[in-house]
Student: 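Have a look at this one before I ask anything.
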Protein chains: 2
Amino acid sequence: MAADETAFMKDFKRGELQVQATSTFLVEGNNSPHMYTVLSGWGFRYKTLEDGRRQILNFVLPGDLVGLQGTLLAEMQHSVEALSDMMLCVFERNSLYLLFKNRPSLGFDVTWLAAKEEQILDEHLLSVGRRSALERAAYLISFLNQRAHRVGHLKEGQPLAPFTQNHIADTLGLSLVHTNKTLKKLQDKGIIEWSGKTCLVKDTKRLMDVANWDGIADIQRPFI
Amino acid sequence: MAADETAFMKDFKRGELQVQATSTFLVEGNNSPHMYTVLSGWGFRYKTLEDGRRQILNFVLPGDLVGLQGTLLAEMQHSVEALSDMMLCVFERNSLYLLFKNRPSLGFDVTWLAAKEEQILDEHLLSVGRRSALERAAYLISFLNQRAHRVGHLKEGQPLAPFTQNHIADTLGLSLVHTNKTLKKLQDKGIIEWSGKTCLVKDTKRLMDVANWDGIADIQRPFI
DNA sequence: CGCAGGATTGATATCAATCAATAACGGTGG
DNA sequence: CCACCGTTATTGATTGATATCAATCCTGCG
């Protein structure tokens with residue numbers, strides 16, 4: 001980001017928000033006046049049906065934009081919850097248009113991020129719709145691992161954390177029990193190691209193999 | 001759209017493209033130099049696994065932007081196929097940034113459409129991940145029907161067409177046979193009527209009821 | 001008339017959900 | 001330090017939903 005852009009963003013920025021692990025900071029149906037960029041920590045976006053069934057849509061990591069839908073489409077149709085403590089950069093919803101007007105390149109970046117999110121959802125949908133339980137689990141863990149490394153959220157040899165098998169289940173569209181058995185299979189093959197609220201990937205290549213997945217395109221993400 | 005914007009778009013526009021029903025006009029992995037807006041007809045976006053399993057991600061209708069991912073992220077990771085004959089408005093991929101620079105409000109609209117697509121994918125993911133076969137089918141048909149009416153693609157009393165139960169199956173993440181049995185159930189309840197490559201919604205309200213779905217927010221879509 | 005693509009149906013096989021315990025673990029209060 | 005408790009993980013048995021297999025039936029069309 002160029003110097004003048006940084007200056008502009010500083011102006012655009014409204015403050016920082018710290019949220020605690022397990023707290024839901026954006027709620028479906030609400031009409032928050034804010035939009036965020038994740039500075040540190042991670043969380044997830046989800047929707048629920050009336051009877052409580054929950055589907056996790058995607059995870060948010062450092063550099064991700066959160067709440068754009070609410071900003072553009074008037075109302076959030078999903079909630080966002082923190083997995084770890086998070087630090088967020090807060091923006092005023094109403095000033096988004098100013099960004100497009102005064103800094104077209106930043107507006108372009110926002111669109112880039114939106115398109116990227118769409119691409120990820122496409123892959124998730126393929127996964128939930130057409131991959132078997134084992135393939136799905138392998139894909140998800142591989143995806144999370146890769147993404148976490150890319151944004152510098154994880155160092156080499158560190159496990160994904162903290163999250164429960166319930167989170168995995170609700171992402172995969174499987175029951176908790178079956179998810180447990182499926183993860184066990186991956187563990188028995190020596191591909192991953194689940195322990196506590198932690199998942200270590202021991203063999204990235206085989207994991208992607210099982211998933212029948214090529215990985216995330218290695219393009220530089222713009223940062224806003 | 002204001003008069004000067006129309007003029008600008010005319011300049012931006014590269015021509016029109018007519019595609020025949022069943023032809024695939026954007027292919028996964030390709031790097032097309034074009035981006036499109038749908039003027040008439042409809043089609044669908046999809047991805048496939050190596051062994052041929054196919055997942056339909058979403059449908060494209062008049063007013064939709066097609067190929068934005070390819071433009072921003074270098075490579076299309078899904079294909080697009082026409083269900084009916086379609087007329088497309090062709091744009092040059094490289095000039096997208098100009099649009100952001102010279103007509104921020106249009107850039108803003110592009111982002112709006114991207115966010116909307118994301119919202120729809122969220123709902124589809126919830127559906128495929130957590131709704132039962134019957135609920136899923138009801139949701140999908142209800143969704144398509146509503147969307148087709150909103151964009152003026154369908155008049156009152158007309159059935160959705162043309163598409164096969166195979167398309168439905170590949171959208172729902174179900175097998176063809178089970179999809180057939182599920183649609184039959186909806187038909188036996190008197191909610192829909194499938195005939196040939198056509199599906200008529202007879203009772204919108206009950207359909208949404210079965211699906212446990214509230215419908216698409218009735219916001220005006222920008223047109224590009 | 002015969003053919004091809006699409007729709008429909010019944011029988012059977014599989015995968016994943018549900019039910020029901022139990023085990024491991026961390027945190028808390030005594 | 002220990003007993004207790006809630007959350008998370010694990011396991012086996014059973015049920016239920018959906019996939020697969022194998023026909024058959026339409027219907028529009030050459």
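Residue numbers begin at 1 in each chain, while the letters A, B, ... track the order of the sequences.
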Student: Classify the side-chain pair Arg93(A)/Asn31(A) by whether it contains a donor and acceptor separated by less than 3.5 Å.
Tutor: yes
Student: Counting only side-chain N and O atoms of Gln165(B), is one of them less than 4.0 Å from OP1 or OP2 of dG5(C)?
Tutor: no
Student: Between dA7(C), dT18(D), dT20(D), which nucleotide gets closest to the side-chain atoms of Ser175(B)?
Tutor: dT20(D)
Student: Let me know the distance between CZ of Arg131(A) and P of dT18(D), rounded to the nearest Å.
Tutor: 21 Å
Student: Under a 4.0 Å heavy-atom cut-off, which of residues 176-197 of chain A touch DNA chain C?
Tutor: Val177(A), His178(A)
Student: Taking the basic N atoms (NZ, or NE/NH1/NH2) and the acidic carboxylate oxygens, is any pair closer than 4.0 Å for Asp64(A) and Arg45(A)?
Tutor: no
Student: For a side chain to side chain donor-acceptor pair (under 3.5 Å) with Glu16(A), tell me which candidate from Lys13(A), Arg14(A), Gln18(A) qualifies.
Tutor: Lys13(A)
Student: Ring-plane angle category for Phe163(A) and Trp194(A), please: parallel below 30°, perpendicular beyond 60°, tilted otherwise.
Tutor: tilted
Student: Got a sec: does the CG of Asp214(A) have more than 12 other heavy atoms crowding it under 6.0 Å?
Tutor: no
Student: Rounded to whole angstroms, how far apart are CZ on Arg130(B) and P on dA17(C)?
Tutor: 8 Å
Student: Within this structure, what is the CG-to-C1' distance between Leu174(A) and dG16(D), rounded to whole angstrom?
Tutor: 16 Å
Student: Less than 6.0 angstrom separating the ring centers of His167(A) and Phe59(A), yes or no?
Tutor: no
Student: Decide whether Asp122(B) and Gln77(A) meet the rule of one side-chain donor and one side-chain acceptor closer than 3.5 Å.
Tutor: no
Student: Provide a list of protein-nucleic acid N or O atom pairs under 3.5 angstrom, restricted to nucleotides 22-27 of chain C.
Tutor:
none

Student: Do you see a donor-acceptor pair shorter than 3.5 Å between the side chains of Gln119(B) and Lys116(B)?
Tutor: yes
Student: Between atom CZ in Arg53(B) and atom P in dC15(C), what is the gap in whole Å?
Tutor: 12 Å
Student: Classify the side-chain pair Glu135(A)/Asn212(A) by whether it contains a donor and acceptor separated by less than 3.5 Å.
Tutor: no
Student: Tell me which one of Ile192(B), Leu154(B), Thr198(B) satisfies side-chain contact (heavy atoms from CB on, under 4.5 Å) with Leu160(B).
Tutor: Leu154(B)
Student: Pick one: which of Leu96(A), Leu73(A), Thr111(A) meets side-chain contact (heavy atoms from CB on, under 4.5 Å) with Leu68(A)?
Tutor: Leu96(A)
Student: When every nucleotide of nucleotides 25-30 of chain D is labelled 5' to 3' by its protein contacts under 4.0 Å (heavy atoms), B for base, S for sugar-phosphate only, - for none, what sequence of letters results?
Tutor: ------
